[in-house]
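Here's the structure we're looking at; comments come further down.
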Amino acid sequence: MCKDCGCSLTAHEHTHTHADGTTHTHSHEHGEDLQNHEHFHHSHDGVVHSHNGGENPHTHGFNPALKDEKTVNVITKILSKNDEQAKNNRAWLDENKILCLNLMSSPGSGKTTLLETTIKSGKFKIGVVEGDLETNKDADRIVKAGAEAHQITTGQSCHLDAFMVHEGLHHLPLENLDLVFVENVGNLVCPASYDVGSHLNVVLLSTPEGSDKVAKYPVMFRAADLVVITKISLGKYFDFNIQNVIDDVHKLNPKADVIALDSVSGEGVEKWLKYLEYKKEFR
């Protein structure tokens, strides 16, 4: 279950093969204890009600399961295991002298387009772990642009975790790469809670989304090392104030950098590329 939104997570396992030919299977559960609950509860004005007989649980404006002590313990256990795997991912990337960036945003903010532009710049050897609920469409775009990619289809999970990224890394030629991007599932809430083993968190916000999103989704922007404002050529068509976004970001997260760009027109892209060069050299 996600710490922030309360979505269900299920147990799964994956197998990978190392370069020396040894094969390992990793099994980990996401909220297995929650699966064993007979039913959930909800409350109206402090009065708790339960549903028996397999009826679908429902809530009214909040997720009551997050207030259950057992649920909190399960979530803590999940995040602890995830954080341990994230450290292993980061160590593996460090061994290969690779800078890894976790791209997070709402669907349609321009993550894949920014990656295509970055790849076509020719400045870096890039690998991408793609995360989507379904299809290989984004991975296909990355490969067509000229980079290595591995698609993770999560089914129902609204974010990638460190175990999924670990699997994806085994499908990339790390010895030949400078940068690895994790293109997380399009979601402005849950991905912020899961360390995937990256060195930097990059949050994209497109001008059509509106300049109020930083204040409305603070968890995501607090987790950001860099905020990229995208599609700025469309700013004249929307009520979007870049300075307000910058001010809101720095109120929440004074250490975060902010870059405004347009991946299609090329405006501001050079600042993004220089940022990557700097972080790659001095990380």
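These figures come from a predicted structure and were not determined experimentally.
With rounding to the nearest 0.5 angstrom, the CZ atom of Phe282 is 11.0 Å from the CD atom of Glu277. How far CG of Leu93 is from SG of Cys100: 5.0 Å, rounded to the nearest 0.5 Å. To the nearest 0.5 Å, the span separating OG on Ser263 from NZ on Lys120 amounts to 11.0 Å. Taking CG of Leu169 as the start and NE2 of His166 as the end, the distance is 8.0 Å to the nearest 0.5 Å. Taken to the nearest 0.5 Å, the CD atom of Gln151 stands 8.5 Å off from the CD atom of Glu183. Taking CZ from Phe163 and OH from Tyr194, the interatomic distance works out to 11.0 Å, rounded to the nearest 0.5 Å.
For the pair His250 (side chain) and Ala256 (backbone), a donor-acceptor distance under 3.5 Å is present. With Ser109 contributing its side chain and Ser105 its backbone, the two residues share no donor-acceptor pair below 3.5 Å. Looking only at distances, no side-chain donor or acceptor of Ser211 sits under 3.5 Å from a matching main-chain atom of Thr207. Of the possible donor and acceptor atoms, none in the side chain of Asn136 sits under 3.5 Å from a partner among the backbone N and O of Ala139. Listed for the Ser121 side chain is a donor-acceptor partner under 3.5 Å among the backbone atoms of Thr118. Side-chain atoms of Arg90 come within 3.5 Å of backbone atoms of Ser198 as a donor-acceptor pair (strictly under, hydrogens ignored). A donor-acceptor contact shorter than 3.5 Å is absent between the side chain of Asn96 and the backbone of Ile98. For the pair Asp195 (side chain) and Gly197 (backbone), a donor-acceptor distance under 3.5 Å is present.
Between Gly268 and Leu261, the shortest heavy-atom contact is C-CB, 3.7 Å. Taking all atoms of both residues into account, the shortest heavy-atom contact from Ala162 to Ala86 is CB-N, 3.5 Å. The two residues Ala147 and Ile126 have their closest heavy-atom pair at CB-O, 3.4 Å. Shortest non-hydrogen contact noted between Asp248 and Ala215 is OD2-CB, 4.5 Å.
Here the side chains of Ile142 and Thr112 are in contact, with some heavy-atom distance below 4.5 Å. With contacts defined as side-chain heavy-atom distances shorter than 4.5 Å, the pair Pro208/Lys231 qualifies. Annotation: side chain of Leu205 is in contact with side chain of Val245 (closest heavy-atom distance under 4.5 Å). Side-chain contact between Asn201 and Leu101: absent, with no pair of heavy atoms (C-beta onward) separated by less than 4.5 Å. Using a 4.5 Å heavy-atom cutoff, the side chains of Leu133 and Val185 are in contact. For the pair Glu267/Ile232, a side-chain contact is recorded, criterion being any heavy-atom separation below 4.5 Å from C-beta on. Counting only heavy atoms from C-beta outward, the side chains of Lys125 and Leu179 never approach each other to under 4.5 Å. Under the 4.5 Å side-chain criterion, counting only non-hydrogen atoms from C-beta, Asp178 is in contact with Lys280.
A continuous path of Ile, Leu, Val, Met, Phe, Trp and Tyr side chains, each step under 4.5 Å between heavy atoms, connects Val189 with Val249, placing both in one hydrophobic cluster. Met164 and Leu172 fall within a single hydrophobic cluster, where Ile, Leu, Val, Met, Phe, Trp and Tyr side chains are chained together by heavy-atom contacts under 4.5 Å. Phe181 is not connected to Leu174 by any chain of hydrophobic side-chain contacts under 4.5 Å among Ile, Leu, Val, Met, Phe, Trp and Tyr, and they are in different clusters. Under the 4.5 Å side-chain heavy-atom criterion for ILVMFWY residues, no single connected hydrophobic cluster contains both Leu103 and Val203. Each of Trp92 and Leu99 belongs to its own hydrophobic cluster when Ile, Leu, Val, Met, Phe, Trp and Tyr are linked at side-chain heavy-atom distances under 4.5 angstrom.
In this structure, a donor-acceptor pair under 3.5 Å is present between the side chains of Asp94 and His199. With 3.5 Å as the limit, one finds a donor-acceptor pair spanning the side chains of Ser106 and Glu209. A donor-acceptor pair shorter than 3.5 Å can be found between the side chains of Asp262 and Ser233. Defined by atom type and a distance below 3.5 Å, a donor-acceptor pair is present between the side-chain atoms of Asn89 and Gln85. The closest side-chain donor-acceptor pair between Asn102 and Asn184 falls under 3.5 angstrom.
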- What's the verdict on side chain to side chain donor-acceptor pair (under 3.5 Å) for Gln243 and Asp247, showing C-alpha distance, side-chain angles and the deciding distance? CA-CA 6 Å; Gln243 190 57 52; Asp247 292 343; 2.9 Å; yes

- Item | Criterion side chain to side chain contact (heavy atoms under 4.5 Å, CB included) on Thr135 and Thr153, from CA distance to verdict | CA-CA 7 Å; Thr135 82; Thr153 52; over 6 Å; no

- Task: Apply side chain to side chain contact (heavy atoms under 4.5 Å, CB included) to the pair Leu226 and Val258, showing each step before the final yes or no.
- Result: CA-CA 6 Å; Leu226 171 68; Val258 181; 5.7 Å; no

- Item | Stepwise salt bridge (Lys or Arg N to Asp or Glu O under 4.0 Å) check, Asp138 with Lys111 | CA-CA 10 Å; Asp138 284 352; Lys111 295 189 298 298; over 6 Å; no

- Task: Before giving the answer on side chain to side chain contact (heavy atoms under 4.5 Å, CB included), spell out for Val227 and Asn253 the whole-Å C-alpha distance, their side-chain angles and the decisive distance to 0.1 Å.
- Result: CA-CA 10 Å; Val227 174; Asn253 186 352; over 6 Å; no

- Message: As a quick check of understanding, evaluate side chain to side chain contact (heavy atoms under 4.5 Å, CB included) for Ile152 and Glu130, giving each step before the final call.
- Response: CA-CA 6 Å; Ile152 301 289; Glu130 284 286 350; over 6 Å; no

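Ring centroids of Tyr217 and Phe221 are separated by 6.0 Å or more, keeping the two rings apart.
With a 6.0 Å radius and a threshold of 12 heavy atoms from other residues, nucleotides or ligands, Glu84 has its CD atom at or below the threshold.
Under 4.0 Å is where a charged nitrogen must lie from a carboxylate oxygen, and between Asp225 and Lys255 no such pair does.
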